[in-house]
Amino acid sequence: MFADLIRRLTDPAPERLPDADARLALGALLVRIARADGQYSAEEARRIDRILGTRYALSDGAAAALRADCEVMEAEAPDTVRFTRAIKDAVSYEEREAVIEALWEVVLADGQRDEEEDALMRMVAPMLGVSDPDSARARQRAAGRMQT
């Protein structure tokens, strides 16, 4: 399953991903941002479960299972450019803004913003075609939710 998705992600002219594969790409990107600082905390994993569960109307168990698949996918997958291209091709601008917001939630989940996470966010937002001001507003919304 992962080998086929990785093959499609690395194809020079990839076609639009089916929804199930787009879910894996998004989840793998969330895992990648969580692992960017070299520490993948339980709070980050719980936040990813919550994001996936809410976004795809999954039970807690199904969200955790999807995250586990995404962890494997992230470890085996190529560069971040492939994930972002798959997501950019699969969803509207508004949904990509929501992806940036979800990524910020994961970055902020452990209560720390690390240089590695910030650098990856600065790279990912433009790759998704999300403007700097929209990314900043997404970060502010995520930070506001984290305080409630």
Side-chain angles (χ1 to χ4, degrees), residues 1-11 14-130 134-135 137-146:
M1 171 174 105
F2 298 128
D4 183 53
L5 177 55
I6 290 171
R7 181 192 54 73
R8 283 184 278 143
L9 283 172
T10 57
D11 190 305
E15 51 191 66
R16 187 178 168 127
L17 294 177
D19 186 54
D21 290 346
R23 286 180 184 196
L24 278 172
L26 170 60
L29 186 58
L30 292 168
V31 170
R32 182 153 291 175
I33 197 75
R35 290 178 172 168
D37 63 357
Q39 297 186 14
Y40 183 35
S41 73
E43 182 53 41
E44 289 169 323
R46 282 191 296 275
R47 179 64 56 174
I48 292 169
D49 289 353
R50 218 170 303 143
I51 290 165
L52 294 173
T54 300
R55 184 170 182 91
Y56 300 115
L58 301 173
S59 68
D60 292 346
L66 177 57
R67 177 189 35 85
D69 287 344
C70 293
E71 290 169 348
V72 172
M73 175 72 189
E74 188 279 332
E76 294 178 3
D79 59 57
T80 305
V81 173
R82 309 299 177 149
F83 292 131
T84 56
R85 181 173 47 183
I87 294 166
K88 185 177 180 183
D89 291 346
V91 300
S92 69
Y93 185 85
E94 292 77 22
E95 290 182 77
R96 286 181 272 139
E97 279 184 285
V99 168
I100 292 296
E101 194 170 330
L103 289 166
W104 277 117
E105 282 188 46
V106 173
V107 167
L108 300 171
D110 61 3
Q112 300 176 38
R113 279 181 60 186
D114 294 301
E115 187 176 312
E116 296 88 352
E117 293 168 329
D118 279 346
L120 188 54
M121 286 303 298
R122 282 191 304 274
M123 183 178 80
V124 167
M127 287 179 178
L128 287 173
V130 175
D134 287 342
S135 178
R137 283 188 286 276
R139 179 182 42 79
Q140 291 167 348
R141 287 190 303 271
R145 249 194 327 280
M146 303 298 284

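Position 1 is the first residue of the sequence, and the numbers go up from there. Just so it is clear, the structure is predicted and the values come from calculations on it, not from any experiment.
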Any [X] side-chain heavy atom under 4.5 Å of [Y] side chain:
X: R35; Y: V31; answer: yes
X: K88; Y: R96; answer: yes
X: E95; Y: L26; answer: no

With rounding to the nearest 0.5 Å, note down the distance linking [atom1] in [X] to [atom2] in [Y].
X: D134; Y: L128; atom1: CG; atom2: CG; value: 12.0 Å
X: R55; Y: L66; atom1: CZ; atom2: CG; value: 11.5 Å
X: Q140; Y: E101; atom1: CD; atom2: CD; value: 10.5 Å
X: L29; Y: I100; atom1: CG; atom2: CD1; value: 8.0 Å
X: R32; Y: L103; atom1: CZ; atom2: CG; value: 12.0 Å
X: I51; Y: Y56; atom1: CD1; atom2: OH; value: 10.5 Å

Heavy-atom pair of closest approach, residues [X] and [Y]:
X: E97; Y: V130; result: N-CG2, 4.1 Å
X: A36; Y: L120; result: CB-CD2, 4.0 Å
X: W104; Y: A142; result: CB-CB, 3.8 Å
X: I48; Y: Y40; result: CD1-OH, 3.8 Å

Can you name the one residue among R47, M121, E43, R50 that meets side-chain contact (heavy atoms from CB on, under 4.5 Å) with V106? R47
Given 3.5 Å as the limit, does a donor-acceptor pair link the side chain of [X] with the main chain of [Y], or not?
X: D110; Y: Q112; value: yes
X: R67; Y: D49; value: no
X: R113; Y: V107; value: no

Count the heavy atoms of every other residue, nucleotide or ligand shown that sit under 6.0 Å from CG of D60, and state whether that count exceeds 12. no
